[in-house]
Structure formats: structure tokens, C-alpha cells
Amino acid sequence: MKNQEIARIFYQIADFLDIQGVAFRPNAYRRGARIIEELQEDVAKIKQRGELTGIQGIGKNLANKIGEYLKTGEIGLHNRLKREVPPGLLDIISVPGLGPKTAGYLYKEKGISSLEELEKAAKERRLRQMKGFGQKTEENVLKGIEMLKRMKGRILLGEALPIAQEIIEEIESKCKVERICVAGSVRRMKEAIGDIDILVVSEDPGKTMDVFSSISGVQDVIVKGRTKTSVYLKDGLQADLRVVDLDSYGAALQYFTGSKDHNIHLRKIAQKMGYKVNEYGLFEGERKIAGETEKELYETLEMTYIEPELREDNGEIEASQKGKLPNLVRLEDIKGDLHVHTNWSDGTESIEDLAKIAQGMGYEYIAVADHSKSLKVAGGLDEDELMLQVKEIRKINKRIKGFKILAGIEVDILGNGELDLDDSALKEMDVVVGAIHSKFSMSEKEMTERVLEAIRNENLDILAHPTGRLIGRRNPYEADIDKIMRESADTKTALEINCFPDRLDLNGPNAKRAKQMGAKISLGTDTHAASNLYFMKFGVGMARRGWLESKDVLNTWSAKEILDYLK
DNA sequence: GCCGTTTTCGGCCCGACTGTTTTCAGTCG
């Protein structure tokens, strides 16, 4: 599917147009890019149905451009812009502090058209002689280029959330704050995030800023003002701290949580109602009429509170206006983990130790799902070993009170769609989780058939990490995900949200689609060591981003209910 | 380039911070 490629080209067109000084069109392309990027369905299919222009933000022109790309593999406007504007300028505007205007000036007036030339000019102290530049800007350019080299793209939610929590703890330990909360894409539980935003209410903003800009992880301070400080952390990740007054806390939290599209949509609604929204509150003329809490803000705009994970402008605002938002599943609703590994294959904990830790977390059950024999590197079990493990599990279950270990297996789905273990062995299991770990590069047709074949096996209960993507490292394999979801619903095979930070597969939009198709979702941490059990919160984040309620998620059910459903 | 419960034309979210300026443009989120 070509969605990501088209989105990338639209982003580039937007940047090129920006550099040329064109107004408004860049944002139209950028918005289109964001929409296409988030689509879970193949744009080619939407195009076939003639429904492209039905998507908010995609008009006749963008739809034609998409069609052009699908037909020819390129977009004429993009090619023309590449000839008119040196592509190296796109790198230049990615340097923090430099934007399209500056890039255009550097190229037109000074002939600088690549990051290398820019770095050279800065090092030779030629930049500071140029109009609008000074010594400080030149230094910042060099720092920015350094950071760009160090930091490649976004980082995983699983890495960002702990960093954010550490920052919050360090601030709290060193100065008195009345409120402190992570905002931005981390709060929305986006699977990959670009920077960390933290919001604070403090009686002594100056002191808080000082503490923040000197905490242990800080490499460099980018900006430091009265209400906003931005720093680079040592790994090149940017963190922003904002200080607001208590009576603006809700408005600020709403504003800095985003997403951008959600906020723009919200502001337009406010505007139509004769209000103005900013990070300080909701205003009617000069008078502030809401802002202390997010709930108050949304309700004043005649909608119900919208959970952060939903704020992507994907219909949540309309649903909220009609009072039709889902009652999202919560971490507290989770009664067990349906995918963990033990030292019988490549996990580090014993079955019993893992069970006890899980029970300590308040769970009622776990499903042990070690690897099967064809995954030799992971010490996969064959039929005999598996039967021994089942016996062992039954024995432990008799010893433990108020907790159940489900005997499961993560069985490999072989290239032809058959499962890696005999049906006679699989029949003995409480839960059979199936997964693809080999031959990722089949054609879409072959891969779809392979997965469908596996799902049709009556022993298969859960399809693990259904798309196979690894965030930032491996694309989903080519497969018709709609067909797979439909078949899963028909055969009562659950689809997994794998909670491992670099998988988070299904992601939010896919989970939403799965629900629409009637499939149930199973959360599995894919735990290989006890600390991995806590990845559950990331999986719940994806479920919430997928609009799932507790009834949609197996893990909120009792063990008996799960076994009854999967039977 | 997109959009429409005032509009098919004329708008397009809004404020903080910086550097280099004598009052602000550019960038960022």
C-alpha cells in the first residue's frame, strides 16, 4: 500500500511551497499528508470506490494528485518543485530555528542549498555576516545540526513515557509544584513521539524553570522564558516545560495535549460560537468563561469530555457533540495478560514466579505462550515438551489460590498457513496464540491466504501481532488486513494488541477497524522478563486510541468467559 | 488547496520566545 509514500511526498510538496513563499497551500498539503499517513485502509481502495474527496481535508485537487501517483508512481507538481527548489533546502528547514523563509534567503542570496554547505558556512563564521544572522544564530545552527545527526526521528512511547516520569519526579523532588502533568503526544499515548511536553502549576515559575533546565538529563537549553522552557536531553530528544496559573490549567492541558488537528477543529467551533480559545482559557470577548479544567472547556463548547487518546480529529469531536463517545477501556479493567513467555523457551522467569508477580499486580490469570519448535533460536517447544509444560502448569494451578495460569502456546504460522504443532497437541491447550515469525516478504495475496488459513484452524484462538510491523524498523507485511479482520470475527479468533513497545500491533486505528469488523481484541505483553508485564499500559493505550470499550477486550473478562468465547 | 447551520468567495488557530532589531519577522508548537 502506497499511503506512506504519498504522505511523504505531500509533506515535501508542503515544504517546497513554503520555501517558495506560497501561502495556505502548504498547510493544505500538510493536512492531507497527516490524514493519509493515519489512514489504515489502502488509499488505492478508497480511490476505487471514489470516496477520496469524502474525507475531510482531501479535496478534488489532492484526490487527483493521489490518483496520479497511483497511476504513474510520481506526482508532476512534486517533480517540478524538485527542479525549482534544491531538495537540500528541506534538510535546512529541519534545523531547529531555521524555517522556509531563512532557507529561501540562504539559497537565493547566498547559494547555500545543502546541510553540508550550511555547516561549512557556519564553521567558517560566514553566516554571521548575513542579513538577519548574528553570532548566536550561527552557534545555534551548529548545535541544531549536531542534534539532527544524533537524533534520528521519533522515539518509542515505551522510552518516552519513563523519561517523562523521571523528569516529573525530579522536578517534584526539587521544588514545590501544585500540579504537574505530561501533555503532548505522550499523554495521547501515541506509539512514537517527537518530544516530551510537561505542564506545571507553580507558585514560583522562575525557580521551576531553573530546576527544569538543570535536571540531570539536560544537554542544552534551547529557549528559556517566563512561561516556557525547552531543552535538549542528552539523547537529542527535546523536552518542553510550560508553567501556567491554576485557573488556566485545564485550558493549557487541553492546548498542549493536542493534537494539532484536534485543537484547530475545536477552535473553529469556538469561533463559530463567538468564543476564542487559547492556552489560558475560553473567552467571550474579554471575559474568561472556562479554563480551570478540560471538562469545563469541552462542556462550554457543548460537547462531552474527550479522553486524550481520542484527540486526533478522527470523528471524536462530532461523536462528542452527539454524546456518542465510547466508554474507553481502562488499565484497571484488565484482569490478566494473555501472552507471556517463561524460561521454558526464551523468557527469563519460571512459570510460577511469573504467575506470582502477575497475581501481585492484581491479575486473575495469565496465559503462558512460549514459542513452538520451528523457532529454534528462541528455544521453541515441540509437542512432547509442550505436554510436559501443560502438566507442570496444571500442577502449579493446584498450589496457587485465586489465580489461574492458562496453558497456552505461541505457535508459529508456517509459510503455507499451517501451524507448527500437531492439532492433537493444540487441542489440549487452553489458549493457542498464532504468530508469524518468518517469510515476511510474501506477496499480499500469498500472505493473506497464509494468515486466513491459520485463522480457519479451529484450534487457533488469538492472532498475535497481526501486522508484523516493528515501529521505525519494519513495515507491516503486505496483507489484506480487512479480510483478516473479517475472518477473525467470523471464526471468533481474537486479534492481539501486542503491548511490546516496538510492536504495539495492532495500533489504535487498526484496533478501531477490527472492532468495526466485529473482531475481539486480546492484550498480550509478550513478556520475556517480569518487568515487561508493565507494558500492558501501552497496549491499553492503543486500545483506547482504537475507541475500544471493556466489552471489546478479552482481558477485561474472567478466565472462564474467555475460554467460553474461544471455544 | 480546502471548506461552508452567516459564505461557492474569502477566509484559513493563536500566542511565546529569540535574535537582531530600534519595533518585529521568523520559528515553533
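Throughout, protein chains are lettered first and strands after them, A, B, ... in sequence-line order, and every chain is numbered starting at 1.
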#### Entry: DNA chain B: 5'-proximal contact among K268(A) and A63(A) (nearest heavy atom)
A63(A)
### Task
Establish, with yes or no, whether the OP1 or OP2 oxygen of dG1(B) is under 4.0 angstrom from a side-chain nitrogen or oxygen of R25(A).
yes
### Query
Are OP1 or OP2 of dC14(B) and a side-chain N or O of N278(A) less than 4.0 angstrom apart?
no
Do any N or O atoms of the protein come closer than 3.5 Å to N or O atoms of nucleotides 3-9 of chain B, and which pairs are they?
| residue | atom | partner | partner atom | Å |
| --- | --- | --- | --- | --- |
| dC3(B) | OP1 | G57(A) | N | 2.6 |

### Task
Please say which of R545(A), K260(A), K190(A) ends up in a side chain to side chain donor-acceptor pair (under 3.5 Å) with E312(A).
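Single side chain to side chain donor-acceptor pair (under 3.5 Å) partner of E312(A) among R545(A), K260(A), K190(A): R545(A).
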### Query
Applying a 3.5 Å limit to both distances, which nucleotide forms a Watson-Crick or G-U wobble pair with dT8(B)?
none
### Query
Between D505(A) and R469(A), does at least one N-O distance fall below 4.0 Å, as a salt bridge requires?
no
### Query
Any side chain to side chain donor-acceptor pair (under 3.5 Å) pairs touching residues 192-205 of chain A, not counting sequence neighbours?
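For residues 192-205 of chain A, and leaving out neighbouring residues, the side chain to side chain donor-acceptor pair (under 3.5 Å) pairs sorted by first residue read S202(A)-T208(A).
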### Task
Measure up the F133(A) and Y105(A) rings against each other and bin them: parallel (under 30°), tilted (30 to 60°), perpendicular (over 60°).
parallel
### Task
Go through the steps for K143(A) and E139(A) under the test salt bridge (Lys or Arg N to Asp or Glu O under 4.0 Å), then give the verdict.
CA-CA 6 Å; K143(A) 267 188 211 166; E139(A) 286 166 11; 5.8 Å; no
Contact list please: [range] against DNA chain B, heavy atoms, distance less than 4.0 Å, in numerical order.
range: residues 181-190 of chain A; value: none
range: residues 242-264 of chain A; value: R242(A), Y255(A), K260(A), I264(A)
range: residues 95-104 of chain A; value: V95(A), P96(A), G97(A), L98(A), G99(A), P100(A), K101(A), T102(A)

Check whether [X] reaches the backbone of [Y] with its side chain - one donor and one acceptor, N or O, closer than 3.5 Å.
X: E316(A); Y: D313(A); result: yes
X: E159(A); Y: I155(A); result: no
X: S185(A); Y: R188(A); result: no

### Message
As a quick check of understanding, evaluate salt bridge (Lys or Arg N to Asp or Glu O under 4.0 Å) for K324(A) and E318(A), giving each step before the final call.
### Response
CA-CA 8 Å; K324(A) 294 223 162 117; E318(A) 293 82 354; over 6 Å; no
Report all interatomic pairs (protein N or O, nucleotide N or O of nucleotides 16-22 of chain B) with separations under 3.5 Å.
| residue | atom | partner | partner atom | Å |
| --- | --- | --- | --- | --- |
| dA16(B) | OP1 | Y280(A) | OH | 2.9 |
| dA16(B) | O3' | T227(A) | OG1 | 3.0 |
| dC17(B) | OP1 | R226(A) | N | 3.0 |
| dC17(B) | OP1 | T227(A) | N | 2.7 |
| dC17(B) | OP1 | T227(A) | OG1 | 3.1 |
| dC17(B) | OP1 | K228(A) | N | 3.0 |
| dT18(B) | OP1 | K224(A) | N | 2.6 |
| dT18(B) | OP1 | K224(A) | O | 2.9 |
| dG19(B) | O3' | T137(A) | OG1 | 2.7 |
| dT20(B) | OP1 | G134(A) | N | 2.1 |
| dT20(B) | OP1 | G134(A) | O | 3.1 |
| dT20(B) | OP1 | T137(A) | OG1 | 2.9 |

### Query
Hey, is F24(A) stacking on dC2(B)? Ring centres under 5.5 Å, planes under 30°.
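No; centroid distance or tilt outside limits.
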#### Entry: Taking every non-hydrogen atom, the tightest pair across I19(A) and V85(A)
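That closest heavy-atom pairing would be CG2-CG1, 4.0 Å.
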